[in-house]
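Notes to accompany the following structure.
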Amino acid sequence: MTKLSEAFLRSAAYERRFLAKNHWDLSMVVWIPLATVLLIWWIFSQTQITDLPIGVIDQDNSAVANTTVRYLEASPTLTVRQLYYSPADAEAAILQRDIYAVVIIPEDFSRNILSNKPAPLTPTSKRPVRYALWHYSNGCPSSC
């Protein structure tokens with residue numbers, strides 16, 4: 001063996017004896033880093049968002065709109081927290097962090113679905129609800 005490898009082995013043996021005598025140092029070197037890695041793994045182990053609370057403004061009040069709300073509720077990623085009847089209530093809930101998004105079902109939703117016309121839903125989260133209503137009423141889908 002070379003002098004470098006002998007020095008390394010002597011140093012490793014010294015550290016092993018030192019850590020065997022000093023339990024706090026052993027925990028700082030082994031157990032606390034291991035616990036930190038496991039804690040971070042546990043925090044980020046769920047890669048998919050589930051049960052995101054949302055609100056719904058149902059302006060159509062039809063059976064098709066009710067079915068749409070049930071489909072939203074059946075999604076594993078969403079939880080319909082409440083049905084709102086005014087944009088101001090929904091906006092207040094977003095600002096209070098009760099919900100993270102609002103899905104707006106427009107008045108002509110069921111008529112458009114039944115006549116095979118496009119019937120977009122308007123999701124909004126960061127924009128005020130008034131802007132989302134104006135956005136849809138001007139005939140522009142929520143993506144533009």
Side-chain angles (χ1 to χ4, degrees), residues 4-5 7-144:
L4 182 61
S5 60
F8 178 78
L9 290 175
R10 275 195 314 270
S11 177
Y14 172 78
E15 292 294 331
R16 184 177 45 87
R17 285 191 306 272
F18 177 79
L19 291 175
K21 292 178 186 175
N22 300 307
H23 297 292
W24 283 109
D25 290 324
L26 177 66
S27 66
M28 291 295 286
V29 170
V30 176
W31 300 116
I32 292 177
L34 180 63
T36 303
V37 167
L38 291 175
L39 179 67
I40 291 173
W41 171 79
W42 177 70
I43 289 171
F44 294 108
S45 64
Q46 188 174 6
T47 58
Q48 183 176 355
I49 297 174
T50 58
D51 299 326
L52 184 70
I54 65 167
V56 175
I57 298 176
D58 185 4
Q59 297 174 338
D60 193 36
N61 296 321
S62 67
V64 175
N66 292 338
T67 303
T68 303
V69 172
R70 283 198 309 270
Y71 283 152
L72 288 170
E73 181 63 40
S75 170
T77 57
L78 301 175
T79 299
V80 177
R81 179 72 52 94
Q82 187 173 347
L83 292 174
Y84 295 98
Y85 298 101
S86 75
D89 291 341
E91 189 172 358
I94 287 176
L95 293 175
Q96 293 172 359
R97 303 271 188 216
D98 291 337
I99 57 174
Y100 291 100
V102 175
V103 175
I104 301 171
I105 300 174
E107 290 180 27
D108 54 350
F109 183 72
S110 61
R111 186 180 66 226
N112 287 344
I113 291 279
L114 296 174
S115 62
N116 289 329
K117 293 180 183 174
L121 296 174
T122 306
T124 183
S125 61
K126 296 180 183 175
R127 295 181 288 188
V129 176
R130 290 183 299 260
Y131 176 74
L133 287 173
W134 175 84
H135 205 58
Y136 178 76
S137 66
N138 285 331
C140 183
S142 62
S143 62
C144 62

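Using a 4.5 Å heavy-atom cutoff, the side chains of Leu121 and Phe109 are in contact. A heavy-atom distance below 4.5 Å is found between the side chains of Ser27 and Trp24. Side-chain contact between Arg10 and Phe8 is absent, with no heavy-atom pair separated by less than 4.5 Å. Side-chain contact check for Leu72 versus Val103: some heavy-atom pair is nearer than 4.5 Å. At least one side-chain heavy atom of Val69 sits under 4.5 Å from a side-chain heavy atom of Leu83. Considering only heavy atoms from C-beta on, Ile57 comes within 4.5 Å of Val102 through its side chain.
Residues Asp98 and Arg81 come closest through the heavy atom pair O-NH1, 3.2 Å. Summarising the geometry of Leu19 relative to Val29, their closest heavy-atom pair is CD2-CG2, 4.4 Å, with the distance given to 0.1 Å. Closest approach of Gln59 and Glu107 over heavy atoms only: O-CG, 3.5 Å.
Atom CG in Leu39 sits 11.5 Å away from atom CG in Leu34 (nearest 0.5 Å). A distance of 9.5 Å separates CD1 of Ile94 from CZ of Arg97, quoted to the nearest 0.5 Å. We find the OG-CG distance between Ser45 and Leu38 to be 11.0 Å, quoted to the nearest 0.5 Å. If you take CG on Asn61 and CD1 on Ile105, they are separated by 9.0 Å, rounding to the nearest 0.5 Å. With rounding to the nearest 0.5 angstrom, the CD atom of Glu15 is 10.0 Å from the CG atom of Asn22.
Remark: Arg111 pairs with Asp108 by the salt bridge (Lys or Arg N to Asp or Glu O under 4.0 Å) rule, at least two apart or across chains.
Using a distance-only test at 3.5 Å, with no hydrogens or angles considered, a donor-acceptor pair links the side chain of Asp58 to the main chain of Asp60. Here the side chain of Glu73 pairs a donor or acceptor atom with the backbone of Val80 at under 3.5 angstrom.
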Ile99 and Tyr84: CA distance, side-chain angles, deciding distance, side chain to side chain contact (heavy atoms under 4.5 Å, CB included) verdict
CA-CA 11 Å; Ile99 57 174; Tyr84 295 98; 3.6 Å; yes
So Tyr100 and Ile54, side chain to side chain contact (heavy atoms under 4.5 Å, CB included) or not? Walk me through it.
CA-CA 6 Å; Tyr100 291 100; Ile54 65 167; 5.8 Å; no
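Annotation: side chain to side chain donor-acceptor pair (under 3.5 Å) contacts involving residues 31-42, sequence neighbours excluded, are absent.
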